[in-house]
Amino acid sequence: MRDVSDLWWFVVLGVVVVLLVGGIVFTALTLRRRDRASEHVLTAEPEDRPLAAVVVNPTKIEAVDREDIAAVCAGLGWASPLWLPTTPEDPGTGQAREAVARDADVVIACGGDGTVRAVAQALAGTGTAMGLVPAGTGNLLARTLRIPADIVSATRVALTGDDRAIDVGRLSADRDDPADDLSDDPADPGDRADERVFLVMAGTGFDAAIMESTPEDLKGRVGTWAYIISGFRAMRGRRARVSIAIDGAPPLRRSTRMVVVGNTGTLVGGLALMPDAAVDDGRLDVVSLAPKGLLGWVAVAARVVTRNRRGGRRIEHWQAHEVVITSDVAQPAQVDGDLIGEARELRIRVDAGALVVRVPGRVERGAG
């Protein structure tokens with residue numbers, strides 16, 4: 001019996017050794033497979049890596065900036081970026097459409113507010129995410145969404161940030177010259193040929209006059225101060241009689257210097273012209289400014305700084321899904337700082353959640 005018992009223990013010991021060795025071998029093989037899988041991801045062919053298309057205003061960035069963007073893509077395992085420079089004839093809409101056609105995973109607007117607007121014109125409603133690399137004078141949408149100002153950090157957000165659906169405004173205009181049609185613009189949306197999108201603000205009157213009178217070379221020399229200088233020059237203009245129809249209600253008659261419709265309410269310098277505006281609330285904010293003389297402008301400025309809405313018709317606020325602004329005389333009009341000529345009537349509506357934008361995630365925002 002002793003011999004049989006000893007043999008039994010040897011059998012048990014042998015089984016344990018086999019199971020132990022088998023477990024070690026199985027674990028090693030599994031880890032090796034995972035290493036090979038990881039190695040496969042890291043050595044994927046370019047066509048298998050995610051692709052960023054960069055719609056870039058060549059007048060706004062240098063060659064070293066392009067190298068920085070490409071380096072961020074390479075460091076995160078993305079394919080070499082697809083470069084699509086803007087042109088005077090096409091400020092970015094056609095390039096963004098090409099990026100979508102080539103299955104870009106994100107389309108980065110690298111330029112100022114005009115470039116961003118032109119890219120959004122093509123991307124709104126497609127579901128393709130837009131990244132922002134701010135390189136302009138105002139960069140108002142980027143400031144609102146807290147996009148980093150430096151190119152490397154902004155590119156990282158564009159590639160790895162969170163997707164956020166924001167509203168866009170859509171504007172169409174009636175002009176005195178029928179030949180001067182919005183549908184001739186390369187930034188046409190395609191679904192409704194007479195509409196332009198905007199992400200920040202559109203308006204008529206004083207704000208458009210500032211854009212019209214601010215030279216590009218002055219912006220290049222002094223930055224945002226160029227708008228301030230032009231603003232002082234434009235303050236001497238006259239008021240115009242307009243009607244403002246909110247969501248189909250009877251029109252309100254006003255004598256104003258400007259009417260602004262905003263998706264976000266922050267001006268250059270951080271002033272909140274529309275403190276209740278939010279880019280994803282499904283509404284647009286409307287402001288009418290009607291100062292009289294220099295003291296009137298001082299009063300309006302004080303109310304903007306203090307966010308005080310009382311004080312009669314010098315400054316009035318509304319919120320709307322649709323608004324129609326009709327002027328007795330043709331006035332200059334603008335969308336996100338781009339002049340669209342003079343118009344007697346602007347028809348503006350919100351397209352809720354139409355655009356996906358890459359924004360900083362919780363870590364980048366510093367959330368706990």
Side-chain angles (χ1 to χ4, degrees), residues 50-55 78 92-93 95-97 99-134 138-148 153-171 187-192 195-202 247 261-266 272 274-286 319-323 335-336 348-367:
L51 173 66
V54 184
V55 179
W78 287 56
T93 301
Q95 293 87 339
R97 288 179 181 148
V100 173
R102 297 178 67 167
D103 295 326
D105 295 277
V106 64
V107 182
I108 300 175
C110 183
D113 291 320
T115 303
V116 172
R117 189 198 70 80
V119 171
Q121 186 86 39
L123 297 187
T126 67
T128 300
M130 178 174 73
L132 300 175
V133 174
N139 304 318
L140 293 179
L141 181 65
R143 294 173 189 269
T144 298
L145 298 177
R146 299 183 180 181
I147 305 297
S153 298
T155 303
R156 292 186 66 89
V157 170
L159 302 184
T160 65
D162 293 341
D163 286 346
R164 180 178 178 184
I166 69 170
D167 308 330
V168 301
R170 292 190 179 273
L171 176 147
D188 245 36
D191 55 338
R192 294 179 61 170
E195 284 188 323
R196 297 191 186 199
V197 306
F198 64 93
L199 303 174
V200 182
M201 298 179 193
D247 289 336
V261 181
N263 191 38
T264 174
T266 303
M274 306 171 194
D276 293 335
V279 294
D280 55 2
D281 62 355
R283 296 177 296 183
L284 297 171
D285 285 61
V286 185
Q319 289 188 317
H321 298 95
E322 296 182 0
V323 59
V335 287
D336 286 352
I348 303 172
R349 65 185 179 93
V350 67
D351 193 355
L355 181 66
V356 178
V357 183
R358 289 279 168 84
V359 299
R362 292 190 62 190
V363 174
E364 289 88 348
R365 292 194 302 264

**Study point:** Check: Asp281 main-chain N/O paired with Asp167 side-chain donor or acceptor under 3.5 Å
**Key:** yes
**Study point:** Inter-residue atom distance Ile348.CD1 - Arg170.CZ, 0.5 Å rounding
**Key:** 13.0 Å
Exercise for review: Calculate, to the nearest 0.5 Å, the distance between atoms CD1 and OG1 belonging to Ile166 and Thr264 respectively.
Suggested key: 9.0 Å
Check your understanding: Is there a side-chain contact between Thr93 and Val119, using heavy atoms and a 4.5 Å cut-off?
Key -> no
**Study point:** Donor-acceptor contact below 3.5 Å, side chain Asp247 vs main chain His321
**Key:** yes
Pairs under 3.5 angstrom only: tabulate donor-acceptor contacts from the side chains of residues 100-116 to other protein residues two or more places apart or in another chain.
residue	atom	partner	partner atom	Å
Arg102	NH1	Glu98	OE2	3.2
Asp105	OD2	Leu51	N	2.7
Asp113	OD1	Leu140	N	3.0
Asp113	OD2	Asn139	N	3.2
Asp113	OD2	Leu140	N	3.4

**Study point:** Minimal non-hydrogen separation, Ala165 against Asp280, with atom names
**Key:** O-CB, 3.7 Å
Check your understanding: Does a side-chain heavy-atom distance below 4.5 Å link Asp162 with Pro360?
Key -> no
Review point. Could you give the distance from CG (Leu355) to OG1 (Thr126), rounded to the nearest 0.5 Å?
Key: 7.5 Å
**Study point:** Arg358/Asp163 salt bridge by N-O under 4.0 Å criterion
**Key:** yes
Review point. Do you know which two heavy atoms are closest between Arg97 and Ala122, and how far apart they sit?
Key: CG-CB, 3.5 Å
**Study point:** Closest approach of Asp285 to Ala277 (non-hydrogen atoms, all atoms of both residues)
**Key:** OD1-CA, 3.5 Å
Check your understanding: Nearest 0.5 Å, what's the CZ-OG1 distance between Arg143 and Thr266?
Key -> 10.0 Å
Review point. For the atom pair CD (Gln121) and CG (Leu199), what is the distance rounded to the nearest 0.5 Å?
Key: 9.5 Å
Review point. What closest approach, in Å, do Ala352 and Gly282 show between heavy atoms, and which atom pair accounts for it?
Key: CB-CA, 4.0 Å
**Study point:** Spacing of Glu195 atom CD and Arg349 atom CZ [to the nearest 0.5 Å]
**Key:** 4.0 Å
Check your understanding: So, Asp336 side chain and Phe198 main chain: donor-acceptor pair closer than 3.5 Å or not?
Key -> no
Exercise for review: Considering non-hydrogen atoms only, spot the tightest contact between Gly131 and Ala158 and give its length.
Suggested key: CA-CB, 3.8 Å
Practice item. Evaluate the criterion side chain to side chain contact (heavy atoms under 4.5 Å, CB included) for residue pair Leu284 and Asn263; output intermediate values, then yes/no. Key: CA-CA 5 Å; Leu284 297 171; Asn263 191 38; 4.2 Å; yes
